[in-house]
Amino acid sequence: MSLQTQPYKGTRDFYPQDKQLQKYMFGVLRKVAESFGYLEYDAPILESLEIYQAKTGEEIVNQQLYTFQDKGGRQVAIRPEMTPSVSRMVAAKRQELAYPLRWYSLPNLWRYERPQAGRLREHWQLNVDLFGVESLAADHEIIQIADAILQAFGAHSNNYVIRINSRQLVDLYLKDYMKLSDQQVYQTTKLIDRWHKIEKAEFHQHASEILNDDKLYRELIELMESKDLGTLPTEIRNHQSVKDLNELMELLASSGVKSAVFDFSVIRGMDYYNGIVFEVFDSKPENIRSMFGGGRYDGLVGLFGVEPIATVGFGMGDVTLLRFLEAHKLLPKLEPETDVVVILIGEVYQKAQIVVKELRGMAVNVAVDTSTRKLDSQIKNAVKSGIRYCLFIGDEELESQTFKLRDLQKGEEKSLSLEQIASSLAVRHIQS
RNA sequence: GUGCCUGUAGCUCAGUUGGUUAGAGCGUCAGUUUGUGGUACUGAAAGUCGAGGGUUCAAGUCCCUUCAGGCACCCCA
């Protein structure tokens, strides 16, 4: 039996082309995060199992977490998300860090489940978190960053929708206003979460069964359809969470975030969210699933035995982002990092080294074709690899110190000195 | 974890109601007199038909099991 060449289930190999694309994407993410003053951090891919048990539901820990016991008998988990790790790091230095604390990271994360469109077992996720700001300025800034990222990739505001809700409002509405039982709250929450995934008739049917009250049922439907805070019942319209949402929407509008809407269907699964929550959706109807999201989770740092810290953040996965960029044709054509392939003519391998080394010294990325195959084969190979230029080096060139630089895209060939070659290729680096 | 669909050359796929030695296009490699590519022509390599078992004189084709992939559910970090 021979070994499989496939990568492990639900994972991807990054061939140079894929890796280059990832580098491009991460580059944009880093640039935007840093433009808001965020600093990059990282943490180990392994964490003790208990930091996930402390904060999440049973199912996630039992079924969707990679866990094992190490040789010292410790229960270990491969991180499924970054939030507990960063909370741990902040808690560890709670007293000495300067707030507001703006941090981001690009961790690879693992979850054990059956892969499907846009969801794999390993993915990479931009995490952006703002610690120590209780006011709405934090929620506003985080959503601004999410918006700025999509804009930085060239997306238009109508390519995506940022749906915003408040956990406090959901609680208020279901418990205080509707006066539902715990069981009803749970069922209704799950149903609301599925609003965009199921047919209206199905939603209506389930809602009327759970609520068993015609007035409440119709009000809920109206609230979800309206996407307007003004449709909230007058009894709760002056509650703080509603004021917050109104103010947030106004802040976003005045800072040029055009894609944001209030949407009562946004819940998010994790229990640790305690304030504003948001999710970003592709406006293309064939990509119905949430792309990414986040919100406020003020209680998480406090789980590590220190005074809690107000926190707002979000996570954006590379798989869903890539799907979005592909669907909207927002991926640029990337040229190989290698600038030029040297094609040797005759027995000049050794003599050419001086020239090649000099070019590299002038910041040109040079690969030498060592195959000694016929010239046309070498040229074909260079074309296939996507490299823009090839440089011919033979006895004549070494004698005259002028070399033929061939532009493989245009088919033009020029005889140039090394300095001329280096400066014409340096232009490419500046442009890119 | 549950359900549906799919596995034939590196890739995309043909392959009749089971019937000789499993095909095509693209790609790869080589050549068309070795200092110049994308075209053309010639030739070559390349498949345990996902794997294992069964039915049959005979299985790529039918049955069972299993593995892998895709999609949906569950869940969503």
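All chains are named by letter (A, B, ...) in the order of the sequence lines, taking the proteins before the strands, and each is independently numbered beginning at 1.
Here, B/G23 and B/G31 have their C1' atoms 25 Å apart, quoted to the whole Å. For the C1' atom pair drawn from B/C71 and B/G43, the interatomic distance equals 44 Å after rounding to whole Å. B/U12 and B/U28 are spaced 16 Å apart, taking the C1' atom of each and rounding to whole Å. Remark: the separation of the P atoms in B/G15 and B/U39 is 30 Å, to the nearest Å. Across B/C49 and B/G7, the matching P atoms stand 15 Å from one another, rounded to whole Å. Spacing between B/U61 and B/G54 at atom C1', rounded to whole Å, works out to 15 Å. Spacing of P atoms, B/A22 relative to B/G50, comes out at 15 Å, to the nearest Å. Spacing of P atoms, B/A44 relative to B/A24, comes out at 11 Å, to the nearest Å.
For a distance-only test at 3.5 Å, the side chain of A/R119 qualifies as a donor-acceptor partner of the base of B/C76. For a distance-only test at 3.5 Å, the side chain of A/Q125 fails to qualify as a donor-acceptor partner of the base of B/A77.
The CD1 atom of A/I288 sits 15 Å away from the C1' atom of B/C76 (whole-angstrom rounding). Rounded to a whole Å, the CD atom of A/Q64 is 10 Å from the P atom of B/A77. Computed from coordinates, the A/E113 CD to B/G3 P distance equals 18 Å when rounded to whole Å. Atom CG in A/N381 sits about 12 Å away from atom C1' in B/C29, given to the nearest Å.
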Pair up each side-chain donor or acceptor in residues 168-177 of chain A with any protein partner under 3.5 Å, not counting sequence neighbours, and list the distances.
unit_1 : atom_1 : unit_2 : atom_2 : d
A/Q168 : NE2    : A/N274 : O      : 3.4
A/Y177 : OH     : A/E219 : OE1    : 2.6
A/Y177 : OH     : A/E219 : OE2    : 3.3

For residues 145-157 of chain A, dump all side-chain donor-acceptor pairs below 3.5 Å to protein atoms at least two apart in sequence or in another chain.
unit_1 : atom_1 : unit_2 : atom_2 : d
A/D147 : OD1    : A/Y160 : OH     : 2.6
A/Q151 : NE2    : A/S157 : OG     : 3.2
A/Q151 : NE2    : A/Y160 : OH     : 2.7

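Using a 3.5 Å distance cut-off with no hydrogens or angles, the side chains of A/Q401 and A/E397 do not pair a donor with an acceptor. Side chains of A/S208 and A/Y217: a donor-acceptor N/O pair is absent below 3.5 angstrom, by distance only. A/N108 and A/E122 are linked by a side-chain donor-acceptor pair at a separation below 3.5 angstrom, with hydrogens and angles left out of the test. Residues A/N127 and A/Q125 bring a donor and an acceptor atom of their side chains to less than 3.5 Å of each other.
Using the six-membered ring where Trp is involved, A/Y297 and A/Y273 have ring planes that are perpendicular, over 60° apart on the 30 and 60° scheme. Ring-plane geometry between A/Y112 and A/Y66 is classed as perpendicular, the angle between the planes exceeding 60 degrees on a 0 to 90 degree scale with a lower cut at 30.
Salt bridge annotation for A/R12-A/D318: present, with a cationic side-chain nitrogen under 4.0 angstrom from a carboxylate oxygen.
With sequence neighbours excluded, no residue forms a salt bridge (Lys or Arg N to Asp or Glu O under 4.0 Å) with A/R373. Under the rule for a salt bridge (Lys or Arg N to Asp or Glu O under 4.0 Å), A/R121 has no partner lying at least two apart in sequence or in another chain. By the salt bridge (Lys or Arg N to Asp or Glu O under 4.0 Å) test, A/R289 pairs with no residue at all, sequence neighbours left out.
Using a 4.0 Å heavy-atom criterion, one finds that A/R268 contacts the sugar-phosphate atoms exclusively.
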Check nucleotides 68-70 of chain B for protein N or O atoms closer than 3.5 Å to its own N or O atoms and list the pairs.
unit_1 : atom_1 : unit_2 : atom_2 : d
B/A68  : O2'    : A/Q6   : OE1    : 3.3
B/A68  : O2'    : A/Q6   : NE2    : 2.9
B/G69  : OP2    : A/K9   : NZ     : 2.7

Contacts under 3.5 Å, N or O only, protein and nucleotides 50-52 of chain B:
none

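The list of ring-ring contact (aromatic ring centres under 6.0 Å, His included) pairs with a residue in residues 320-346 of chain A, not counting sequence neighbours, reads A/F324-A/H328. Among residues at least two apart or in separate chains, side-chain hydrogen bond (donor to acceptor under 3.5 Å, both in side chains) pairs with a member in residues 343-363 of chain A are A/K351-A/D395.
For the contact set between residues 186-206 of chain A and RNA chain B, defined by any heavy atom under 4.0 Å, the members are A/K190, A/R194, A/K197.
Residue A/K19 qualifies as enclosed at atom NZ: its count of foreign heavy atoms under 6.0 Å is above 12.
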Item to check | Footprint string (nucleotides 30-38 of chain B, 5' to 3'): B base within contact, S backbone only, - free, heavy atoms under 4.0 Å | outcome: S-S--BBBB
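Cation-pi geometry between A/K227 and A/F262 is not met at under 6.0 angstrom from the ring centre and within 45 degrees of the axis.
Proximity of the aromatic rings of A/W103 and A/Y38 is defined here by a centroid distance below 6.0 angstrom, and this criterion is not met.
RNA chain B forms stems at B:1-7 with B:67-73, B:10-13 with B:23-26, B:28-32 with B:40-44, B:50-54 with B:62-66, each a run of 3 or more consecutive Watson-Crick or G-U wobble pairs whose two key distances fall under 3.5 Å.
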